[in-house]
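A short worksheet on the structure shown next.
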Amino acid sequence: MPRTKEKESYRARLKAVGLRHTLPRERILSFLDRKNVHPTPEELYQGLKKRGYDIGLSTVYLNLHVLREHGLIYEFKDPKGATRYDGYNEPHVHLVCLSCGKVEDLLLKNLPELEVSPAMQAAAERTGWALEGFRLEFRGKCPDCQR
């Protein structure tokens, strides 16, 4: 279970987007708020059950939808077509293996060559769009699949 400071952080994040705090939402955010965690809804459900939480699969699906709609988590398809979720808040890009489907996070602070702000500014100037963020994914083969 999240510590008091973490619980207050989840409460604040939920409140900031107009959602009320519930235990299932807090537990889902806590599970997803870690590096290299990109579960399917079923994997998330099983992970929460293993932690001893009494939660239904339909509750997981409902809350994933609500959290995604309010921008607290990110939904994406892996190379095999499975829907996965990401709630890790550090700025990062995804490394996606086209062979096994593995998804890893690469922190932007570890990749200073990627200058996102100038790229976003240039894109906004050329298109007239008011850009608020980005999602970047590098695709290839992980070290295990290269062997």
Side-chain angles (χ1 to χ4, degrees), residues 1-117 119-120 123-124 129-147:
M1 173 147 300
R3 287 175 250 136
T4 304
K5 190 174 184 180
E6 291 171 334
K7 285 179 86 159
E8 290 307 315
S9 169
Y10 297 129
R11 284 182 197 276
R13 285 168 58 190
L14 290 162
K15 184 178 179 181
V17 296
L19 291 174
R20 72 184 175 90
H21 173 268
T22 66
L23 215 45
R25 289 176 185 165
E26 177 185 311
R27 289 174 174 167
I28 289 168
L29 286 173
S30 174
F31 191 94
L32 292 174
D33 194 19
R34 295 177 291 144
K35 187 176 180 214
N36 293 325
V37 173
H38 308 96
T40 64
E42 293 79 10
E43 291 168 348
L44 174 60
Y45 168 74
Q46 291 300 326
L48 292 171
K49 295 296 265 184
K50 283 181 184 174
R51 289 184 176 184
Y53 298 140
D54 185 26
I55 191 168
L57 183 58
S58 61
T59 301
V60 169
Y61 271 99
L62 172 70
N63 282 287
L64 285 172
H65 174 75
V66 169
L67 294 170
R68 180 185 54 83
E69 288 295 311
H70 285 82
L72 293 174
I73 61 174
Y74 174 62
E75 176 186 279
F76 65 98
K77 299 277 187 197
D78 70 16
K80 298 184 185 266
T83 301
R84 297 193 170 273
Y85 291 88
D86 183 1
Y88 189 53
N89 285 324
E90 290 289 321
H92 67 280
V93 298
H94 286 156
L95 302 171
V96 180
C97 181
L98 296 171
S99 293
C100 69
K102 180 180 187 177
V103 180
E104 285 187 15
D105 295 329
L106 176 61
L107 298 180
L108 288 180
K109 67 183 179 185
N110 296 334
L111 195 62
E113 301 85 1
L114 182 64
E115 295 188 38
V116 177
S117 296
M120 279 183 54
W129 282 59
L131 300 176
E132 297 176 6
F134 77 98
R135 291 286 173 182
L136 183 60
E137 179 176 284
F138 293 117
R139 294 173 165 247
K141 290 189 177 179
C142 70
D144 291 337
C145 291
Q146 292 177 45
R147 297 181 190 145

Task: K15 side chain vs Y10 backbone, donor-acceptor pair below 3.5 Å - done: no
Task: Residue pair D86, V103: steps toward the side chain to side chain contact (heavy atoms under 4.5 Å, CB included) verdict - done: CA-CA 10 Å; D86 183 1; V103 180; over 6 Å; no
Open item on the list: With rounding to the nearest 0.5 angstrom, report the CG to SG distance, D144 to C97.
Closed with: 8.5 Å
Open item on the list: Return the CG to OH distance between L32 and Y85, rounded to the nearest 0.5 Å.
Closed with: 9.5 Å
- [ ] Could you tell me whether the side chain of R84 reaches within less than 4.5 Å of the side chain of Y74, counting heavy atoms only?
- [x] no
Task: Minimum-distance pair of heavy atoms, taken over all atoms of T40 and A82 - done: CG2-CB, 4.1 Å
TODO: Could you tell me whether the side chain of E90 reaches within less than 4.5 Å of the side chain of D105, counting heavy atoms only?
DONE: no
- [ ] Give a yes or no on this: more than 12 heavy atoms of other residues, nucleotides or ligands lie within 6.0 Å of atom CG of N110.
- [x] yes
TODO: Identify the heavy atoms of M120 and L131 that sit nearest to each other, and give their distance.
DONE: O-CD1, 3.4 Å
- [ ] Give me the ring orientation class for H94 and H92: parallel if the planes are under 30° apart, tilted from 30 to 60°, perpendicular past 60°.
- [x] tilted
Open item on the list: On the six-membered ring of F76, is R135 placed so that its NZ or CZ lies under 6.0 angstrom from the centre and within 45° of the ring axis?
Closed with: no
- [ ] Specify the closest pair of heavy atoms between K141 and S99, including all atoms of both residues, with the distance to one decimal.
- [x] CE-OG, 3.3 Å
- [ ] Using a cut-off of 6.0 Å, state whether more than 12 heavy atoms not belonging to R139 lie near its atom CZ.
- [x] yes
Open item on the list: Can you tell me if K49 has over 12 outside heavy atoms packed within less than 6.0 Å of its NZ?
Closed with: yes
Task: Cationic tip of R34 above F31 ring, under 6.0 Å, 45° of axis - done: yes
TODO: Would you check, one step at a time, whether the test side chain to side chain contact (heavy atoms under 4.5 Å, CB included) holds for R13 with N89?
DONE: CA-CA 11 Å; R13 285 168 58 190; N89 285 324; 3.0 Å; yes
Task: Where L48 and R27 come nearest, the two heavy atoms and their spacing - done: CD2-O, 3.8 Å
TODO: Taking the side chain as every heavy atom from C-beta outward, state whether L29 and L14 have any pair of such atoms under 4.5 Å apart.
DONE: yes
TODO: Any chance you could measure Q46, atom CD, to E42, atom CD, to the nearest 0.5 Å?
DONE: 9.0 Å
Open item on the list: One pair to check against side chain to side chain contact (heavy atoms under 4.5 Å, CB included): H65 and E75. What are the steps and the verdict?
Closed with: CA-CA 9 Å; H65 174 75; E75 176 186 279; over 6 Å; no
Open item on the list: Is any side-chain heavy atom of N63 closer than 4.5 Å to one of I55?
Closed with: no
Task: Sidechain-backbone polar pair: N36 side chain, E104 backbone, donor-acceptor under 3.5 Å - done: no
Task: Euclidean distance, K102 NZ relative to H38 NE2, rounded to 0.5 Å - done: 11.5 Å
Open item on the list: Check this for me: Q146, atom CD, are more than 12 non-hydrogen atoms of other residues, nucleotides or ligands nearer than 6.0 Å?
Closed with: yes
Task: Value rounded to 0.5 Å, distance of CZ in R11 from CZ in R25 - done: 12.5 Å
Task: Sub-4.5 Å side-chain heavy-atom contact between Y53 and I28 - done: no
- [ ] State, to 0.1 Å, how close L57 and P41 come at their nearest heavy-atom pair, and which atoms those are.
- [x] CD1-O, 4.2 Å
Open item on the list: If I take atom CG from residue L67 and atom CD1 from residue I73, how far apart are they, to the nearest 0.5 angstrom?
Closed with: 5.0 Å
TODO: List the atom of D78, the atom of G101, and the distance in Å for their closest heavy-atom pair.
DONE: CB-O, 4.4 Å
